[in-house]
Protein chains: 2
Amino acid sequence: MMERNTKQRDAIRHVFEKTARPLGPAEVLEAGRAEVSKLGIATVYRTINSLVESGWLVPVELPGEPPRYEIAGAAHHHHFRCRDCARVFEIHGCPGDLSDLTPAGFMLESHEVVLYGKCARCAAP
Amino acid sequence: MMERNTKQRDAIRHVFEKTARPLGPAEVLEAGRAEVSKLGIATVYRTINSLVESGWLVPVELPGEPPRYEIAGAAHHHHFRCRDCARVFEIHGCPGDLSDLTPAGFMLESHEVVLYGKCARCAAP
DNA sequence: ATAGATGCAAAGGGTTTGCACTTGA
DNA sequence: TCAAGTGCAAACCCTTTGCATCTAT
């Protein structure tokens, strides 16, 4: 599946390559129409899903929000969401071993951390 | 709104009182039918929403999943989601100060931590 | 008695799928 | 050529809403 190079697929990849932040399907559709004006939402979804399956994209899921996607390849990291502008930023570092928090008998496999607050721009006076 | 005591409302509160973990609307519906067999999903949604507004319930939102709800009043805590049975459990403890992860200029206000793995039941042989 | 609450079914919003047409290899 | 990929619209899933009926006060 998705083994051909189409202009739609190229356009969608270009959108991610040109944008430094995680994007949702609607944003991809809008930006992608600059290159392929008749681009359809179904193609965006199918292509994103296949790019995730192929490992080129990874989903960025924040609590209570529809998924965004970003180009894969970054090291293990988490995200900071600005409460004012709603933008999401990658943060480096990690709280480390969280097995202390794991209840007895439970098997810890991975974790997710999201920080909330104000980004540099919104915190500035 | 929701200012009367109905058997549906009571049943829904009972479900949360009897269950120690965060529940989604479908789980509440199923458990609630034990008390009110004709309970409808719309009533579950309406009642949950009003219990959240009144502060009796708080939403538990995990990345990429529809919201669950738990009784308000618990101290700051996080959640563990079982990858096998998809149930969510409250965990005690907290990684603590995460300001090390916060980029310069950013203002950290709060955080969310979710652990993933196998619950005691699903990890058992 | 009567406004509030319920249940059903229909409507919404976002994502997926069926199908005929288009297109890349 | 001709199967993979696309676009459109219908189907889906979860949640909300409209409305006639029921019920707590």
Side-chain angles (χ1 to χ4, degrees), chain A residues 1-16 21-70 81 86 88, chain B residues 1-16 21-70 81 85-88:
Chain A
M1 186 192 195
M2 308 308 271
E3 51 204 32
R4 288 181 187 177
N5 270 1
T6 66
K7 55 190 177 220
Q8 289 87 346
R9 187 178 172 83
D10 284 344
I12 290 167
R13 272 192 301 232
H14 294 340
V15 168
F16 282 104
R21 63 192 172 80
L23 299 172
E27 293 174 289
V28 173
L29 176 66
E30 194 189 337
R33 297 238 228 230
E35 209 169 314
V36 178
S37 60
K38 292 200 191 310
L39 183 61
I41 188 66
T43 296
V44 171
Y45 276 103
R46 279 188 286 233
T47 303
I48 286 178
N49 288 341
S50 107
L51 289 172
V52 169
E53 263 183 63
S54 77
W56 195 82
L57 284 178
V58 290
V60 175
E61 316 225 52
L62 301 198
E65 302 190 44
R68 298 167 171 82
Y69 301 87
E70 63 184 12
R81 181 177 183 281
V88 171
Chain B
M1 187 191 197
M2 308 308 272
E3 51 205 31
R4 288 181 186 177
N5 269 6
T6 66
K7 56 189 176 220
Q8 289 87 347
R9 187 179 173 82
D10 285 345
I12 290 168
R13 272 190 302 231
H14 293 342
V15 168
F16 282 103
R21 62 194 171 78
L23 299 173
E27 293 173 290
V28 173
L29 177 67
E30 193 188 337
R33 298 238 229 229
E35 210 169 311
V36 178
S37 60
K38 293 203 193 306
L39 183 60
I41 187 66
T43 297
V44 171
Y45 276 103
R46 280 187 286 233
T47 303
I48 286 177
N49 287 341
S50 105
L51 289 172
V52 169
E53 263 183 64
S54 77
W56 195 81
L57 285 179
V58 289
V60 174
E61 315 227 49
L62 301 200
E65 301 192 47
R68 295 169 172 80
Y69 301 87
E70 65 186 12
R81 180 178 182 280
C85 67
R87 291 186 305 168
V88 170

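Chain naming here is simple, since letters A, B, ... match the order of the sequence lines and numbering starts at 1 in each.
Taking only side-chain nitrogens and oxygens, B:Gln8 never comes nearer than 4.0 Å to OP1 or OP2 of D:dT23.
The CG atom of A:Asn49 sits 19 Å away from the P atom of D:dA4 (whole-angstrom rounding). Atoms CZ (B:Arg9) and P (C:dG7) sit 14 Å apart, rounded to a whole Å. Protein atom CZ of B:Arg68 is 14 Å distant from nucleotide atom C1' of D:dC14, rounded to whole Å. Distance CG (B:Leu51) to P (C:dA5): 12 Å, rounded to an integer number of Å.
Contacts between residues 29-41 of chain B and DNA chain C, counted as heavy-atom distances below 4.0 Å, involve B:Lys38, B:Leu39, B:Gly40.
Judged as a side-chain contact (heavy atoms from CB on, under 4.5 Å), and not counting sequence neighbours, the contacts of B:Arg21 are B:Thr19, B:Leu23, B:Glu27, B:Arg87, B:Phe89. Here B:Pro66 pairs with nothing under the side-chain contact (heavy atoms from CB on, under 4.5 Å) rule; sequence neighbours left out. Annotation: side-chain contact (heavy atoms from CB on, under 4.5 Å) contacts of B:Val36 (sequence neighbours excluded): B:Lys7, B:Gln8, B:Ala11, B:Leu39. Taking the side-chain contact (heavy atoms from CB on, under 4.5 Å) definition, one finds that A:Val52 meets it with A:Ile48, A:Leu57, A:Pro59, A:Tyr69, sequence neighbours left out.
Contact of the B:Leu62 side chain with the A:Glu61 side chain is not registered, since no non-hydrogen atoms from C-beta on lie closer than 4.5 Å.
The main-chain N or O of B:Val44 is never found under 3.5 Å from a side-chain atom of B:Thr47 such that the two would form a donor-acceptor pair.
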- Assign a letter to each nucleotide of nucleotides 19-25 of chain C from its 5' end: B, base within under 4.0 Å of a protein heavy atom; S, sugar-phosphate only; -, no contact. ----BBS

- Message: Would B:Leu29 and B:Ile12 count as a side-chain contact (heavy atoms from CB on, under 4.5 Å) here? Give the steps.
- Response: CA-CA 8 Å; B:Leu29 177 67; B:Ile12 290 168; over 6 Å; no

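Remark: B:Glu65 engages B:Arg81 in a salt bridge, criterion side-chain N to carboxylate O under 4.0 Å.
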